[in-house]
Protein chains: 2
Amino acid sequence: MARRNTNRRIGIADVAEKAGVSHATVSRVMNGNAAVDPGIAARVRAAASELKYQPNPVGRSLALGKTDTIGIVVPDLANPTFQAILRGLSIAASQDGYRVLIADSSEVTSEEAILAGEARRRCDGVVLCAPRMGDAELEELAPTLHPLVLINRTTVATNTPSLSVDYGQGIQELAQHLVGLGHRRLAFLSGPEHSASNRQRLVGLEKFRKEHPEIELQMLHGGSNFDSGHESTEAIIASGATGILAFNDLVAMGLLSGLHEHGLRVPEDISVTGFDDIPFAKYTTPPLTTAAVPINELGSLAWRRMREQIQQAGEPTTQAQDEFSPRMEIRKSTAAPALKPA
Amino acid sequence: MARRNTNRRIGIADVAEKAGVSHATVSRVMNGNAAVDPGIAARVRAAASELKYQPNPVGRSLALGKTDTIGIVVPDLANPTFQAILRGLSIAASQDGYRVLIADSSEVTSEEAILAGEARRRCDGVVLCAPRMGDAELEELAPTLHPLVLINRTTVATNTPSLSVDYGQGIQELAQHLVGLGHRRLAFLSGPEHSASNRQRLVGLEKFRKEHPEIELQMLHGGSNFDSGHESTEAIIASGATGILAFNDLVAMGLLSGLHEHGLRVPEDISVTGFDDIPFAKYTTPPLTTAAVPINELGSLAWRRMREQIQQAGEPTTQAQDEFSPRMEIRKSTAAPALKPA
DNA sequence: GAATCATGAGAAAGCGTTTTCTCAGAGCGT
DNA sequence: ACGCTCTGAGAAAACGCTTTCTCATGATTC
């Protein structure tokens, strides 16, 4: 006897009474699960629409053991990449009648597991987006979250599908591009320390270094947003590099703006690349050379992988490990260096 | 007898059995609602943590009649403004233990009411963000959605709190700013037809026209994103106006890029203003003069108004109608016009 | 020492659905 | 006309929790 009965929403019981049938019959009519006499069905439907009856999803969820909702955990909702994934996921999921519940960990690593667990209990599955937690913790957490889809991380133990972008490959191609233009002094403006995608970039660049020992490649610390790019301007100028690989487009844009303020021209004086190809990248001045990540696909594919797991619950999951290769997007922020490097 | 019992998650019954107490006692211990013998409580807690018991939120929701979730309906999740509102809302709500469920109407007006209704049934309240539906429909829908918070729209009938931005005022100030710089030929590149905020801008500009009959002010049709701004470039040039009021920052940025491609310099040849002050606005080249909308505040205030309604359920709601005044953000995309207007 | 009271735990109802189980009645064949 | 199957509707259990109600136990008071 929880809530008082007064003033409650109209429920299946009201419809049943009005139509002169049992609860069960109303449920049958609403869901079309079993054969019901057409006459009775019509009566029920009339009663339902007259009372504007709408089934209570919570009761439904309890009985069915599913919520038609999936959760997504992201490190920072301010990041356009995660926003785009969220959007792609939401649109794809809604096409199948599912809704998305969001949880923003605000880059607080210790919160991720808690948020994910909570989301999982409320939802039929969880998408874990670029988690910052350590490998061991992820390995332990993953099985408890199933159905789970991982973005930008992988796990070995369980067969959880993962979607990732080959950041190592992309950053190498960008570096190649700069070298091809004639640059000999490069600098990488790195991202957040706990970011797995940042580590991938570092690994890729290490490989690049081995293959091009003649090229100077400096590593500079930075962040993942505008401001950190902007703040790094002086360090970049001091580095003497002519080709700058920014962690992502946001950082590149901040840097672009900082360089402009210092009177340096891009690409004449210095070349800058981004990463991600966020929608804004092609509208910067100059338009940004970057590695395009098929971000919309990521969101919708995440949903497809989730749906597969939800549908074939129990069956041997097909452990899909999708990896996307970034596509070079050569624009105007890169060019051959001036003859006499600064 | 819905699902088969096999393989089910561990529930309150398991804890009760393990601790040798009744379901009720476990519930009492978990929620701290009533006095429980410390010894028994400890036993229950031990059993719970040993079994890693986590209450099922669906069962909880059904019993409590609340879901600790609120819904938000937005016209387009790709729009940075709505992304920012979503983010502010989500962060504020999570501080109080609430989660956010999202619904994207994809600008399909007819879907809004359905999505909102569905969201409301699943959640404890709904935030309706810049709905495109007509006034009559909104008026009819609002009472059925309570607790409801409206953003960028108001409603008279019920006492639902609303948050809005004085777009009319902001656009007038921007126009004033241009006139103050010496511009005499202005053009407004308008937004989506169904957008209430676009109508507000038009009303504001009508007022401006009355007060400044000597100023030429053209109205051009446009959209709300980069591309529409970009596409309008030629129409803008053809208009002969020297001061352009873009619908929002996105449109302004697209326009900036288009003008650049046509060899026109901003602000020397033509001045451009945006609206919203999205994070990117200060990093464009040149940095964009715009009217700043306190977008983060909007999201968190939306939550505060929602929380007020949820808490004082039943009590006379305080029908708050908050209106924000945009703040002029004068940057480098506006300047005095060339002596001889094009 | 008996009556009263406070404390705290268990039984059970209730939240709003779905689904199984059961059974009445109709239709059919012999 | 009898028994069989079949259709379809109601009764009730189940989902997992909270909370009221009830009652036993031990403490308090006269």
Side-chain angles (χ1 to χ4, degrees), chain A residues 1-45 47-48 51-68 120-124, chain B residues 1-45 47-48 51 53-68 118 120-124:
Chain A
M1 194 178 299
R3 268 182 312 173
R4 268 283 40 86
N5 273 3
T6 115
N7 209 342
R8 82 181 194 298
R9 278 183 112 74
I10 80 124
I12 207 173
D14 306 286
V15 179
E17 188 183 9
K18 177 149 194 136
V21 298
S22 72
H23 310 195
T25 301
V26 176
S27 171
R28 280 190 277 252
V29 172
M30 300 303 290
N31 298 293
N33 279 337
V36 177
D37 181 280
I40 294 186
R43 226 165 64 219
V44 169
R45 261 187 278 274
L51 293 171
K52 294 195 205 306
Y53 168 67
Q54 306 277 156
N56 176 328
V58 179
R60 212 151 181 282
S61 289
L62 186 58
L64 256 34
K66 53 178 253 177
T67 60
D68 292 351
R120 177 60 187 85
R121 256 168 281 130
R122 272 177 151 78
C123 303
D124 298 346
Chain B
M1 195 179 300
R3 266 183 312 173
R4 269 281 42 83
N5 272 5
T6 115
N7 209 342
R8 83 182 192 297
R9 276 184 114 72
I10 81 125
I12 205 173
D14 305 285
V15 179
E17 189 182 8
K18 178 150 193 133
V21 298
S22 71
H23 310 198
T25 301
V26 176
S27 170
R28 279 190 278 253
V29 171
M30 300 304 290
N31 298 293
N33 280 338
V36 177
D37 181 281
I40 295 187
R43 226 165 65 216
V44 169
R45 262 188 277 273
L51 295 171
Y53 168 66
Q54 307 276 158
N56 176 327
V58 179
R60 216 154 177 279
S61 290
L62 188 58
L64 256 32
K66 54 179 249 170
T67 60
D68 291 350
E118 198 210 310
R120 179 58 188 85
R121 255 169 281 130
R122 273 178 150 80
C123 303
D124 299 345

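In this structure, the nucleotide among C/dG10, D/dG16, C/dA9 sitting nearest to the side chain of B/Ser22 is C/dG10. Nearest nucleotide to the side chain of A/Ala24, out of D/dC17, D/dT19, D/dG10: D/dG10. Each of C/dG16, D/dC17, C/dT19 was ranked by its minimum atom distance to the side chain of A/Leu64; first place goes to C/dT19. Among the nucleotides C/dT17, D/dG10, D/dT18, the one closest to any side-chain atom of B/Ala63 is D/dT18. Which of C/dT18, D/dC15, D/dT19 sits closest to the side chain of A/Leu62 comes down to D/dC15.
Residue B/Arg60 places at least one side-chain N or O closer than 4.0 Å to OP1 or OP2 of D/dT18. Within the 4.0 Å cut-off from OP1 or OP2 of D/dG10, at least one side-chain nitrogen or oxygen of A/Thr25 is found. Phosphate proximity of D/dG16 to B/Tyr53: absent, as no side-chain N or O sits under 4.0 Å from OP1 or OP2. Residue B/Asn56 places no side-chain N or O under 4.0 Å from the OP1 or OP2 atom of D/dC15. In this model, the phosphate group of D/dG8 is not approached by any side-chain N or O of A/Arg28 to a distance below 4.0 Å at OP1 or OP2.
Nucleotide C/dG16 holds its C1' atom 12 Å from the CD1 atom of A/Ile10, rounded to whole Å. At whole-Å resolution of the value, NE2 in B/His23 and P in C/dA9 are 16 Å apart. For the pair B/Asp68 CG and D/dC17 P, the interatomic distance rounds to 15 Å; values are reported in whole Å. Rounded to an integer number of Å, the gap from B/Ile12 CD1 to D/dC15 C1' is 13 Å. Going from atom CZ of B/Arg43 over to atom P of C/dA9 covers 9 Å, rounded to whole Å. Per the geometry, CZ belonging to B/Arg121 stands 14 Å off C1' belonging to C/dG16, to the nearest Å. Rounded to an integer number of Å, the gap from CG of A/Asp14 to P of C/dT17 is 9 Å. Atom CZ in A/Arg122 sits about 15 Å away from atom C1' in D/dG16, given to the nearest Å.
Contact of the A/Arg45 side chain with the A/Val29 side chain is registered, since non-hydrogen atoms from C-beta on lie closer than 4.5 Å. B/Ser27 is listed as a side-chain neighbour of B/Ile12, based on a closest heavy-atom distance under 4.5 Å. Side-chain contact check for B/Arg60 versus B/Asn31: some heavy-atom pair is nearer than 4.5 Å.
Of the inter-residue distances, the one linking B/Arg43 atom CZ with B/Thr25 atom OG1 reads 9.5 Å to the nearest 0.5 angstrom.
Residue B/Val58 is out of contact with every strand shown, counting any heavy-atom pair closer than 4.0 Å.
Projected onto DNA chain C by closest heavy-atom contact, B/Asp37 and B/Gly59 fall at different nucleotides, the more 5' of which corresponds to B/Asp37.
Distance alone, capped at 3.5 Å, is enough to place a donor-acceptor pair between the A/Asp14 side chain and the A/Gly11 backbone.
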